[in-house]
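Just so you know, residue 1 is the first one in the sequence shown, and it goes up from there. Note that the structure is predicted; figures quoted are calculated from it, not measured.
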Amino acid sequence: MMTRALERAKPAAALMLGWVALLWVLEMADAASGNALDTFGVQPREMSELADVLPAAFIHFGFDHLAANTLPLLLLGFLAALRSGLGRFVGVVLLIALTSGLGVWLTAPAGSNTAGASGVVFGLFGYLLIRGFIDRKPLDIALGALVAVVYGSILWGALPTDNGISWQGHLFGLVGGVLAAFVFRLRPAAPSPGATARPIP
């Protein structure tokens with residue numbers, strides 16, 4: 001059992017380490033170019049900005065912004081990838097990023113520019129929080145409870161504030177995570193043709 005767990009953990013860890021490394025490389029490139037990549041943030045209600053809904057999740061406004069997202073993204077992403085499998089995890093992240101980005105595009109203040117992985121972080125939090133109940137797996141219910149204890153305070157970031165942080169991205173990321181838990185829930189395997197029930201004579 002331990003060997004099987006390690007076999008699942010290695011690709012999940014490699015994926016998340018590669019993802020976080022990519023974010024740091026992109027931010028270094030952004031800094032070196034005079035913040036040229038900031039244009040990939042989402043500016044609301046402009047049709048051309050719909051193309052930036054996904055790229056915006058990979059762009060940050062400075063190293064402090066990226067550093068604040070790095071550890072929760074690494075930890076929550078690893079847990080989600082480990083428990084879901086890589087294929088399912090990719091689908092979950094795409095749905096979260098789309099929901100968060102579209103929510104920002106629809107509701108953010110005019111003239112704002114929103115980017116960062118925090119929408120995905122909130123989405124992964126929501127996904128891990130409820131997926132155990134939806135999939136009816138006690139281990140994942142316990143994992144969700146642990147995530148709630150460790151990161152539950154981030155929910156304040158999904159409430160309207162005046163501190164310049166995109167609560168819209170957080171809120172819709174959280175919604176995307178809950179939605180992903182339903183869309184990518186485990187479904188019972190269909191019975192094989194030879195397993196058709198027959199009445200006992």
Which residues pass the side-chain contact (heavy atoms from CB on, under 4.5 Å) test with [X], not counting sequence neighbours?
{"X": "Ile130", "answer": "Ile134, Val178, Ala181, Phe182"}
{"X": "Ala12", "answer": "Phe78, Ala81, Leu82"}
{"X": "Leu129", "answer": "Phe125, Ala148"}
{"X": "Leu66", "answer": "Leu23, Trp24, Glu27, His60, Thr70"}

Do [X] and [Y] belong to the same hydrophobic cluster, where Ile, Leu, Val, Met, Phe, Trp and Tyr are linked whenever their side-chain heavy atoms lie under 4.5 Å apart, directly or via other members?
{"X": "Leu76", "Y": "Met16", "value": "yes"}
{"X": "Val175", "Y": "Val121", "value": "no"}
{"X": "Val120", "Y": "Val42", "value": "no"}
{"X": "Leu146", "Y": "Ile154", "value": "yes"}
{"X": "Val25", "Y": "Ile59", "value": "yes"}

Q | Heavy atoms of other groups near Phe40 CZ, more than 12 under 6.0 Å | A |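 It does not: Phe40 CZ has 12 such atoms or fewer within range.
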
Q | Contact check, side chains of Phe89 and Leu124, non-hydrogen atoms, under 4.5 Å | A |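 In contact.
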
**Q.** 4.5 Å side-chain heavy-atom contact, Gln43 and Ser48
**A.**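 The answer is no; the side chains never approach within 4.5 Å.
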
Q. Side chain to side chain donor-acceptor pair (under 3.5 Å): which pairs involve residues 149-158, sequence neighbours left out?
A.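 For residues 149-158: none.
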
Q) So which pairs with a foot in residues 108-120 pass side chain to side chain donor-acceptor pair (under 3.5 Å), sequence neighbours left out? A)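 Qualifying pairs, neighbours excluded: Ser118-His170.
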
Q.
For Val104 and Val53: C-alpha separation, side-chain torsions, deciding distance, then whether side-chain contact (heavy atoms from CB on, under 4.5 Å) applies.
A. CA-CA 9 Å; Val104 166; Val53 163; over 6 Å; no

For a quick test of reading the model, state the closest non-hydrogen atom pair linking [X] to [Y] and the distance between them.
{"X": "Thr107", "Y": "Phe172", "result": "OG1-CE1, 3.6 Å"}
{"X": "Ala56", "Y": "Gly41", "result": "CB-CA, 4.1 Å"}
{"X": "Leu74", "Y": "Val20", "result": "CD1-CG2, 3.8 Å"}
{"X": "Ala36", "Y": "Thr39", "result": "O-OG1, 3.0 Å"}

Q: Could you list who else is in Phe133's hydrophobic cluster, with ILVMFWY side chains joined at under 4.5 Å, directly or through other members?
A: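 When side chains under 4.5 Å apart are linked, the cluster holding Phe133 also contains Ile141.
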
Selection [range] - residue pairs positive for salt bridge (charged side-chain N to carboxylate O under 4.0 Å, His left out), sequence neighbours left out:
{"range": "residues 134-152", "result": "Arg83-Asp140, Arg88-Asp135, Arg131-Asp135, Arg131-Asp140"}
{"range": "residues 105-128", "result": "none"}
{"range": "residues 42-67", "result": "none"}

(Q) Return the CG to CZ distance between Leu22 and Phe58, rounded to the nearest 0.5 Å. (A)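 Going from the CG atom of Leu22 to the CZ atom of Phe58 covers 6.5 Å.
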
Q) Could you give the distance from CG (Asp30) to CG (Asn35), rounded to the nearest 0.5 Å? A)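 If I round to the nearest 0.5 Å, the distance is 4.5 Å.
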
In a table with atom names and distances, give each donor-acceptor pair under 3.5 Å that connects a side chain of residues 93-102 to protein atoms at least two apart or in another chain.
unit_1: Thr99; atom_1: OG1; unit_2: Leu95; atom_2: O; d: 2.7
unit_1: Ser100; atom_1: OG; unit_2: Gly169; atom_2: O; d: 2.9

Q: With sequence neighbours excluded, tell me which residues meet side chain to side chain donor-acceptor pair (under 3.5 Å) with Ser166.
A: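 Side chain to side chain donor-acceptor pair (under 3.5 Å) check on Ser166 returns nothing, list empty.
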
